[in-house]
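Below, read A as the first sequence line, B as the second, and so on, with proteins coming before strands; counting in each chain starts at 1.
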Protein chains: 2
Amino acid sequence: MTPGTRPAVAPDSRARLRLWLRMLKSTRQVEAVLRDRFRTEFGTTLPRFDVMAALARYEGGLKMSALSGVLRVSNGNVTGIVDRLVDEGHVVRVQVPGDRRASLVRLTRRGQQEFARQAEAHARWIDELLTGFAPDEAETLAARFDAVSAKEEDA
Amino acid sequence: MTPGTRPAVAPDSRARLRLWLRMLKSTRQVEAVLRDRFRTEFGTTLPRFDVMAALARYEGGLKMSALSGVLRVSNGNVTGIVDRLVDEGHVVRVQVPGDRRASLVRLTRRGQQEFARQAEAHARWIDELLTGFAPDEAETLAARFDAVSAKEEDA
DNA sequence: TTTTTTTATTTCAAGCAAAAAATGTTTTGG
DNA sequence: CCAAAACATTTTTTGCTTGAAATAAAAAAA
């Protein structure tokens, strides 16, 4: 693609590659701490928390396909996670009247209460782990990340 | 924990939480693209690439424990990944002379060549996915992320 | 109505991930 | 020397993840 004397990868790319490696490292570190705390403090996992968070935002419940759409994970993946949440009594599958294929997934009362506790802890943990960023810097940075997200929004 | 009229989570934490959600989203999006391209273009995976990248940096090879230390993944985890790389002929396990427990993992010649191709593509992909960040902005940002990493360095 | 297509979901296979237990091996302290 | 501790690695278990195939029901086309 880039022929001749110029190297295949432009020198500029080094900076972006460095940025990528750092943000990947940071993200993984934070995720590791979260995973550990969710496990020890609540006996749950990040994916289960994510599902409950999505359901908390949609009180009427979500269909499985909508759920995997919101979370941007594969269809078949959500099945297993929801199964476990059902076993735990945090979530129920409700048959959709007119459609025997679909079912709505909804938080139970217990699920709502449990999620509230977890969400509060989660916010505290993030605040602690990202103290390196001042609030206004965090705000600015958050906005800049849309530069990445927007690019792949359609994919 | 925080009683009375004040909310349990300080208002400042909202900015950090927002930042976390954005960077997590961005990171996952980029990872998803990388996963897909590694799969279709090279028939490999991100974890395998990570292992090969680590081995490329240490020409003398790495012991399993050193490898999992560098990559910061669990011990038992690396076993399976290296097994597959061995099957593919990209990596070999060399017995350490004085120690029948340990073995050095090293890239084969084929592994080195294959990694070079993959690394070049990887750098190009990152450069493409992060075009939203100007090179100097990327550099500044990368430095700021040490604020997170440094905090957990010891953990 | 019958066929075809689309939609909703689950199942399956392969692989990644952590934690914990198990298996050897080497080193160390009596 | 021998038991205990430390070390290197693998195995096991549980769960997440994707992509692809399989079911099944609903909607559209013929």
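Note: NZ (Lys63(B)) to C1' (dG24(C)) measures 15 Å, nearest angstrom. We find that CG of Asp87(B) is positioned 13 Å from C1' of dA14(C), with the value rounded to whole Å. A straight line from CD of Gln95(B) to C1' of dA8(D) spans 11 Å, rounded to a whole angstrom. For Asn75(B) and dA20(C), the CG to P distance is 14 Å, given to the nearest whole Å. In this structure, Leu67(B) atom CG and dA17(C) atom C1' are separated by 15 Å, rounded to whole Å. Rounded to whole Å, atom P of dC16(C) lies 13 Å from atom CZ of Phe38(B). Distance, Arg84(A) CZ to dT14(D) C1': 8 Å, rounded to whole Å. Residue Ile81(A) contributes atom CD1, which lies 18 Å from atom P of dT14(D) at whole-angstrom precision.
Proximity note for Asp99(A) (side chain, C-beta onward) versus dT10(D), dT18(D), dA26(D): the nearest is dA26(D). Of the candidate nucleotides dA17(C), dA19(C), dT9(D), dA17(C) has the atom lying nearest to any side-chain atom of Pro47(B).
Checked by distance alone, Arg101(A) brings a side-chain donor or acceptor within 3.5 Å of a matching partner on the base of dT7(C).
Val73(A) comes within 4.0 angstrom of the backbone, heavy atoms only, and of no base.
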Derivation of the side-chain contact (heavy atoms from CB on, under 4.5 Å) call for Phe133(A) and Arg144(B): CA-CA 8 Å; Phe133(A) 296 106; Arg144(B) 286 303 291 130; 3.9 Å; yes
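DNA chain C is contacted by both Ala102(A) and Arg28(A); Ala102(A) maps to the nucleotide lying nearer its 5′ end (nearest heavy atom per residue). Nearer to the 5' terminus of DNA chain D, by closest-nucleotide assignment, is the contact made by Met64(B) (compared with the other of Asn77(A) and Met64(B)).
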Show the atom names and distances, to 0.1 Å, of all donor-acceptor pairs under 3.5 Å that link a side chain in residues 44-63 of chain B to residues at least two apart or in another chain.
from     : atom 1 : to       : atom 2 : distance (Å)
Thr45(B) : OG1    : Arg48(B) : N      : 3.3
Arg48(B) : NE     : Glu88(B) : OE2    : 3.2

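Residue Arg100(A) places at least one side-chain N or O under 4.0 Å from the OP1 or OP2 atom of dA26(D). Neither OP1 nor OP2 of dG19(D) sits under 4.0 Å from any side-chain N or O of Ser74(A). Taking 4.0 angstrom as the limit, Arg93(B) places a side-chain polar atom (N or O) nearer than this to OP1 or OP2 of dT10(D). Within the 4.0 Å cut-off from OP1 or OP2 of dC16(D), not a single side-chain nitrogen or oxygen of Arg35(A) is found. In this model, the phosphate group of dA18(C) is not approached by any side-chain N or O of Arg72(B) to a distance below 4.0 Å at OP1 or OP2. Contact annotation: Thr45(B) side-chain N/O to dC16(C) OP1/OP2 distance is under 4.0 Å.
Taken together through direct or relayed side-chain contacts under 4.5 Å among Ile, Leu, Val, Met, Phe, Trp and Tyr, Leu21(A) and Phe145(B) form part of one hydrophobic cluster.
Residues Phe38(B) and Trp125(B) bring their aromatic ring centres within 6.0 Å.
Between Glu31(A) and Arg28(A), none of the side-chain N atoms (NZ, or NE/NH1/NH2) sits under 4.0 Å from a carboxylate O, so this pair counts as no salt bridge.
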